[in-house]
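Keep in mind it's a predicted model, so treat the numbers as computed, not measured.
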Amino acid sequence: MTHGDFDNIGNDCDFLYQTRPGLTNATHDEHIRTLDPKEGLRMATTDKFYNIALMTSDLVMFSRAQRLERERNAKRPWRHQELNLITMPMDDWIEQPEKSMYKSLEFDIHPMSEPQSKEDPMKLCIK
């Protein structure tokens, strides 16, 4: 796919979103319920594909940033830096929210920090 293909996908969604009479201030969900079934499906599919394409692009760019960081570290080992990433399936967040929150906080805060410093924010987020 090219950048133009992604632009066309976004334009297709823009063509449908808030451009029809009675839907100028409607939400995405209101569009899906109100539009002709074919157009609603087209809009929903376009929107989801566009979001997946953006997430994929983000992962590619993060991978590139990690590679560049490794190359720079090889040239200057005295200034070693790391770019760490974590990916977590959405199903984990749905099925095991507390465990997912803990894993995320463990990554964000630091694995060496006290367990209590992760559990308190986790409990606040779960409530």
**Message:** Once rounded to the nearest 0.5 Å, what's the spacing between atom CG of Leu23 and atom CD of Gln18?
**Reply:** 8.5 Å
**Any donor-acceptor pair under 3.5 Å from Ser104 side chain to Ser100 backbone** = no
**Message:** Quick one, Met55 and Ile52 - any side-chain contact, counting heavy atoms below 4.5 Å?
**Reply:** yes
**Request:** Answer yes or no: are there more than 12 heavy-atom neighbours, outside Asn25 itself, under 6.0 Å from its atom CG?
**Result:** no
**Asked** Does Met101 reach the side chain of Trp93, with side-chain heavy atoms less than 4.5 Å apart?
**Response** yes
**Message:** Show, in sequence, the C-alpha distance, side-chain angles and deciding distance for Arg72 and Glu69, and conclude whether the salt bridge (charged side-chain N to carboxylate O under 4.0 Å, His left out) test is met.
**Reply:** CA-CA 5 Å; Arg72 189 169 77 175; Glu69 193 66 40; 3.1 Å; yes
**Asked** Do the non-hydrogen side-chain atoms of Leu35 and Met43 ever get within less than 4.5 Å of each other?
**Response** yes
**Prompt:** Do Arg20 and Glu39 come close enough that some side-chain heavy atom pair is under 4.5 Å?
**Reply:** yes
**Prompt:** Any side-chain heavy atom of Leu59 within less than 4.5 Å of one from Thr87?
**Reply:** yes
**Item:** Under 3.5 Å donor-acceptor, Glu30 side chain and Thr27 backbone
**Value:** yes
**Prompt:** Are Leu54 and Met61 joined in one hydrophobic group, where the rule is that I, L, V, M, F, W and Y side chains link up if heavy atoms are under 4.5 Å apart?
**Reply:** no
**Item:** NZ on Lys103 to CD on Glu98, rounded to 0.5 Å
**Value:** 16.0 Å
**Prompt:** Do Asn51 and Asp47 come within less than 4.5 Å of each other through their side chains, counting heavy atoms only?
**Reply:** yes
**Request:** Run the numbers on Leu41 and Ile32 for side-chain contact (heavy atoms from CB on, under 4.5 Å), then give the verdict.
**Result:** CA-CA 7 Å; Leu41 181 59; Ile32 302 301; over 6 Å; no
**Reported OH-to-OG1 distance for the pair Tyr17 and Thr24, which is rounded to 0.5 angstrom** = 10.5 Å
**Carboxylate-amine/guanidinium proximity below 4.0 Å for Lys75 and Glu71** = no
**Request:** Determine whether Val60 and Arg64 make a side-chain contact, defined as any pair of heavy atoms from C-beta on separated by less than 4.5 Å.
**Result:** no
